[in-house]
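Here's the structure, in C-alpha cells; my notes come after.
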Amino acid sequence: MADLMNYLRKLAGSGSNLDGSENSLKRLTVSERLRCCIVAFKVMRNNLDALNVDLQDFFVQLYNLLFKYRPGRDPGDVLAEALKIMLCDDRQHDMQRAAAFIKRLATFSLCFGAAESLAALVTLKHLLQKNVKCRNLLENDAGGGSVSGPIAKYQPYASDPHLSGALASVLWELNLLARHYHPTISTMASSISTMTAAHNQALHYNASPQQAFVELSLEQEAFNPSFENRRSSIKRKRISGSTSVSACVESSLDTTSQTDENEVRKKLSEHFFLLRDMSENERLRGELDRTKLSLQLYEQYKKQKEEIKVAQEQ
C-alpha cells in the first residue's frame, strides 16, 4: 500500500513513466494527474485505520494543476470530483492551506466557464464555512483583517500553498464575479461576500462541486443572456423605420463593406509579398555566406597544398 501511494505521488507530481528513463519520458495530462490525486484520497479513506499517509504533496499538485487546467481540453467533471474529495469532504484544513486554495479558486473563477466557476465557488464557500478565520479575506483592508500569516505579502505564483501568503490578500475577485453575466454565478459570489467571521452561517448552496458543474453544464446548453435579446430588439426597432431609409442604409453598408474588404485584401497581399521577399532574401544571404565560406576553405586548401609541394621539392 505504501508503494502504491508513493507511485501515485510520483505520477501526480512529475507525470513520467515509472522507470524514469529519459527516452520513455511521457507526460500525463492534467486530468490523469488529477485522477492520481483522487485515487490516493480514496485509498486513504478506505484504509483509514491501516494507513498513516501524509497527503500534503497531493494538495500541492492540486494547487498547481488549477493553473494548468484548460476548459475544453481537460474534462471539468474530473476537476470537480477532485475539488469535492480533496477539499470539501476533508474534515478540516490547515488555515494557511485553506486560505491559499480560497484565493486561487477565486482567481480560477474569473478565468473559465460558468460551470467550472460555479464548482470552484461552491468549494470556496465550503472552505470558508469550515475555516472561520479565513473569512477575514472578505474584509476590504490589505492583510486579510486581523489574521496575519508568516508571509507578509501574497505570492500568487507560489507552487506551495503554505508559501503563498494568501492570508495577506483580499478576495476582490468576488466583487467582479458579482457582476458576472450568468445569474447563478453572480448570486453565488454575492452570497459569499455577505459571510462574516462573527456568525457561523449555514451554506446557502448545498450542492457539491460535481453537482454544481453538471447542473450548470446542462443549463448552459439552453442559456441565452438577456442582454443579447435586448440588443436584438433594439436593432429591430431601429431598422423598422421607413423602407426607403433602410434600403439606403443597406446599400451604403454594402458599398462600404465591399470597399473595406478590397482595401484589406490589398494590404494583406502587400504584406504577404513583403514577408515572402524578406524570407527569400534571408535564404539567399544564407546561401551566399555558405558559398563564401566554401571558397575561403578551398583557397586555404590550395595554399596549404602548394606549401607542402614546395617543402617536398626542397
Legend entry - Nearest-0.5 Å distance that lies between atom CG in Asp3 and atom CE in Met5: 11.5 Å
Inset, instruction - Sort and list the pairs that fulfil ring pair (Phe, Tyr, Trp, His ring centres under 6.0 Å) and have at least one residue in residues 103-123, not counting sequence neighbours. - result: Tyr69-Phe108, Tyr69-Phe112, Phe108-Phe112
Legend entry - By ring-ring contact (aromatic ring centres under 6.0 Å, His included) - contacts of Tyr63 (at least two apart): Phe101
Inset, instruction - Quick one: closest heavy-atom pair of Ala99 and Leu167, and the distance? - result: CB-CD2, 3.6 Å
Legend entry - Contacts of type salt bridge (charged side-chain N to carboxylate O under 4.0 Å, His left out), residue Arg283, not counting sequence neighbours: Glu280, Glu287
Legend entry - Nearest heavy-atom neighbours spanning Pro156 and Phe67: O-CE1, 3.6 Å
Legend entry - Side chains of Leu83 and Cys88 in contact at under 4.5 Å (non-hydrogen atoms): no
Inset, instruction - Determine, stepwise, if the pair Lys302 / Lys305 fulfils side-chain contact (heavy atoms from CB on, under 4.5 Å). - result: CA-CA 5 Å; Lys302 286 176 61 177; Lys305 190 174 181 180; 5.6 Å; no
Inset, instruction - Tell me yes or no: between the side chains of Arg179 and Asn175, is some donor less than 3.5 Å from an acceptor? - result: yes
Legend entry - Identified side chain to side chain contact (heavy atoms under 4.5 Å, CB included) partner of Phe41 from the options Ile85, Leu62, Asp89: Ile85
Legend entry - Distance-minimising heavy-atom pair for Met86 and Phe59: O-CE2, 3.2 Å
Legend entry - Leu138 and Leu174, any side-chain heavy atoms less than 4.5 Å apart: yes
Inset, instruction - Indicate the atoms forming the closest heavy-atom contact of Leu137 with Ser169, along with that distance. - result: CD2-O, 3.2 Å
Inset, instruction - Quick one: pull up OG in Ser31 and CG in Leu79 and give me the separation to the nearest 0.5 Å. - result: 10.5 Å
Inset, instruction - Check whether any side-chain N or O of Thr187 sits under 3.5 Å from a backbone N or O of Thr184 as a donor-acceptor pair, and report yes or no. - result: no
Legend entry - Worked verdict on Met188 versus Ile185 for side-chain contact (heavy atoms from CB on, under 4.5 Å): CA-CA 5 Å; Met188 173 63 71; Ile185 302 297; 5.8 Å; no
Legend entry - Flag, side chain of Arg135 to backbone of Met195, donor-acceptor distance under 3.5 Å: no
Legend entry - Under 3.5 Å donor-acceptor, Arg9 side chain and Ala40 backbone: no
Inset, instruction - Look at the side chain of Lys103 and the backbone N and O of Val170, then say whether any donor-acceptor pair between them is shorter than 3.5 Å. - result: yes
Legend entry - Side-chain touch Glu307/Val310, heavy atoms, less than 4.5 angstrom: no
Legend entry - Any side-chain heavy-atom pair of Val30 and Arg73 under 4.5 Å: yes
Legend entry - Asn64 side chain vs Gln61 backbone, donor-acceptor pair below 3.5 Å: no
Legend entry - Heavy-atom donor-acceptor pair, Glu32 side chain to Thr29 backbone, under 3.5 Å: yes
Legend entry - Test item: Val60 and His162 side chains (from C-beta on) under 4.5 Å apart, heavy atoms: no
Legend entry - N/O donor-acceptor pair under 3.5 Å between Gln211 side chain and Ser208 backbone: yes
Inset, instruction - Please answer whether the main-chain N or O of Asp160 pairs with a side-chain N or O of Ser164 as donor and acceptor at a distance below 3.5 Å. - result: no
Legend entry - Spatial distance of atom CD (Glu116) from atom CG (Asp77) [nearest 0.5 Å]: 10.0 Å
Inset, instruction - State, yes or no, whether a side-chain contact exists between Leu163 and Gln155 at a heavy-atom distance under 4.5 Å. - result: no
Inset, instruction - Flag the pair Arg35 and Glu81 as a salt bridge only when some basic side-chain nitrogen lies within less than 4.0 angstrom of an acidic carboxylate oxygen. - result: no
Inset, instruction - Report the distance from atom CG of Asn46 to atom CE of Met1, rounding to the nearest 0.5 Å. - result: 9.0 Å
Inset, instruction - For Tyr154, check ring-ring contact (aromatic ring centres under 6.0 Å, His included) against everything at least two apart and list the hits. - result: none
Legend entry - Expected output: side-chain Thr123 to main-chain Ala119 donor-acceptor under 3.5 Å: yes
Inset, instruction - Start with the C-alpha distance between Leu11 and Leu28, add both sets of side-chain angles, then the distance that settles side-chain contact (heavy atoms from CB on, under 4.5 Å), and finish with yes or no. - result: CA-CA 8 Å; Leu11 286 172; Leu28 299 182; 4.0 Å; yes
Inset, instruction - Classify the side-chain pair Glu173/Thr107 by whether it contains a donor and acceptor separated by less than 3.5 Å. - result: yes
Inset, instruction - Answer whether the closest heavy-atom distance between the side chains of His126 and Leu87 falls below 4.5 Å. - result: no
Legend entry - Heavy-atom pair of closest approach, residues Leu110 and Leu176: CD2-CB, 3.9 Å
Inset, instruction - Verify whether one side chain among Ser191 and Lys125 offers a donor that lies under 3.5 Å from an acceptor in the other. - result: yes
Inset, instruction - May I ask you to list the residues sharing a hydrophobic cluster with Leu293, side-chain cutoff 4.5 Å, ordered by chain and number? - result: Leu297
Legend entry - Expected output: side-chain Arg104 to main-chain Pro161 donor-acceptor under 3.5 Å: no
Legend entry - Under 4.5 Å side-chain linkage, directly or through intermediates, the cluster mates of Leu284: none
Inset, instruction - Answer whether the closest heavy-atom distance between the side chains of Arg97 and Gln56 falls below 4.5 Å. - result: yes
Legend entry - Shortest non-hydrogen contact between Ile102 and Leu124, atoms and distance: O-CD1, 3.4 Å
Inset, instruction - Run the numbers on Leu105 and Leu127 for side-chain contact (heavy atoms from CB on, under 4.5 Å), then give the verdict. - result: CA-CA 10 Å; Leu105 287 171; Leu127 292 174; 4.2 Å; yes
Legend entry - Between CG on residue Asp74 and CZ on residue Arg33, distance to nearest 0.5 Å: 11.0 Å
